[in-house]
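Okay, structure first, notes after.
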There are 2 protein chains.
Amino acid sequence: MENEGNAGTASSSRWNPTKDQITLLENLYKQGIRTPSADQIQHITGRLRAYGHIEGKNVFYWFQNHKARQRQKQKQERIAYFNRLLHKTSRFFHPPPCSNGT
Amino acid sequence: MENEGNAGTASSSRWNPTKDQITLLENLYKQGIRTPSADQIQHITGRLRAYGHIEGKNVFYWFQNHKARQRQKQKQERIAYFNRLLHKTSRFFHPPPCSNGT
DNA sequence: GCAAATTAATGATTTATTCAAG
DNA sequence: CTTGAATAAATCATTAATTTGC
């Protein structure tokens, strides 16, 4: 169901980004933009408007959400990684017998 | 990342706080503690020791570092804020007047 | 194939922190 | 000590994916 965002149809209660819009936003994010300043938001919004109706606050929200959720994802990945590591470690790592002689 | 600090494994040269330890420390920080006195440090260290090996100096360093880093963070936010004000092009949206949405 | 029902994503709001200015 | 300003965390709400029964 490839919705074109509400670019043309324009009857939705919330902004629904186009694939092109998402692509551009993700590229900016990859380039290091995380909390764009007001003028950056204006500029980005202007570029995204070529693909459909959009407001500055949508860009603002997108970066907020994307940053937060990327962080959540990374956190989960780190937890899973360490859990795996710990489980394996229990097989490899035998505590040295503390050779207290006899 | 469920590292147990070096609570049990004790194979690291530097203190690595447990999640529980961090939680307790951050709660103390939220309660207003910034530069704990020697007595406070001793008390806190005693409570943290329940989760693993720790010394008073670790607590001391933690508060110093945490305070400094929170300041750095706020400073960066402050700079972003000034940039925003200077350009003043913002007005993405009106601050939501505490409208209740349930 | 197709909708109704259900689940997953994600846009939008609200809440709780922070430092520091007044 | 109180308040201003800006989030980031937590939550709410709506949309898209998908599953399911026919």
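We name chains A, B, ... by the order of the sequence lines, and we start the count at 1 in each one. Because only heavy atoms are used, hydrogens play no part in the values below, and waters and symmetry mates are left out as well, while side chains stay in.
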Measure the distance from CG on A:Asn65 to P on C:dT13 and round it to the nearest whole Å.
11 Å

Between A:Ser13 and D:dA13, is there a contact of a side-chain N or O with OP1 or OP2 at under 4.0 Å?
no

Under-4.0 Å side-chain N/O to phosphate OP1/OP2 contact, A:Asn58 with C:dA12:
yes

Separation of C:dT10 P from A:Ile54 CD1 (nearest whole Å)
16 Å

Specify the separation, in whole Å, of atom CD of A:Gln76 and atom P of C:dA8.
15 Å

The answer to which of B:Gln74 and A:Ala68 contacts DNA chain D further toward the 5' end, by nearest nucleotide, is B:Gln74

For A:Pro36 versus A:Gln40, what's the shortest heavy-atom pair and its separation?
CA-OE1, 3.3 Å

Measure from the side-chain N and O atoms of B:Asn58 to the backbone N and O of B:Glu55, and report whether any donor-acceptor pair falls under 3.5 Å.
yes

note: B:Asn27, atom CG; C:dT18, atom P; distance rounded to Å ~ 10 Å

State whether A:Lys67 places a side-chain N or O below 4.0 Å from either non-bridging phosphate oxygen (OP1 or OP2) of D:dA8.
yes

Below 4.5 Å, heavy atoms only, C-beta onward: do A:Gln21 and A:Trp15 meet side chain to side chain?
yes

Assess whether atom OH of A:Tyr29 is packed by more than 12 heavy atoms of other residues, nucleotides or ligands within 6.0 Å.
yes

Kindly say if A:Gln64 contacts the phosphate of D:dA8, meaning a side-chain N or O under 4.0 Å from OP1 or OP2.
yes

What contact category does B:Arg34 fall into here, base, sugar-phosphate, or nothing, at under 4.0 angstrom with non-hydrogen atoms?
sugar-phosphate

Can you tell me the distance, in whole Å, between the CD atom of A:Gln72 and the P atom of D:dA9?
8 Å

Check whether the side chains of B:Ser37 and B:Asp39 place a donor and an acceptor atom closer than 3.5 Å, and report yes or no.
no

Gap between atoms CZ and P, on A:Arg14 and C:dA9 respectively (whole Å):
13 Å

Regarding A:Phe63, tell me which of base, sugar-phosphate or nothing describes its non-hydrogen contacts under 4.0 Å with the strands shown.
nothing

Would you say A:Tyr61 reaches C:dT13's phosphate, i.e. side-chain N/O to OP1/OP2 under 4.0 Å?
yes

Look at B:Arg71 and C:dA20 and indicate whether a side-chain polar atom (N or O) is within less than 4.0 Å of OP1 or OP2.
yes

Distance in angstrom units between A:Glu26 CD and C:dG11 P, rounded
10 Å

C:dA9 P sits how many Å from A:Arg69 CZ, rounded?
11 Å

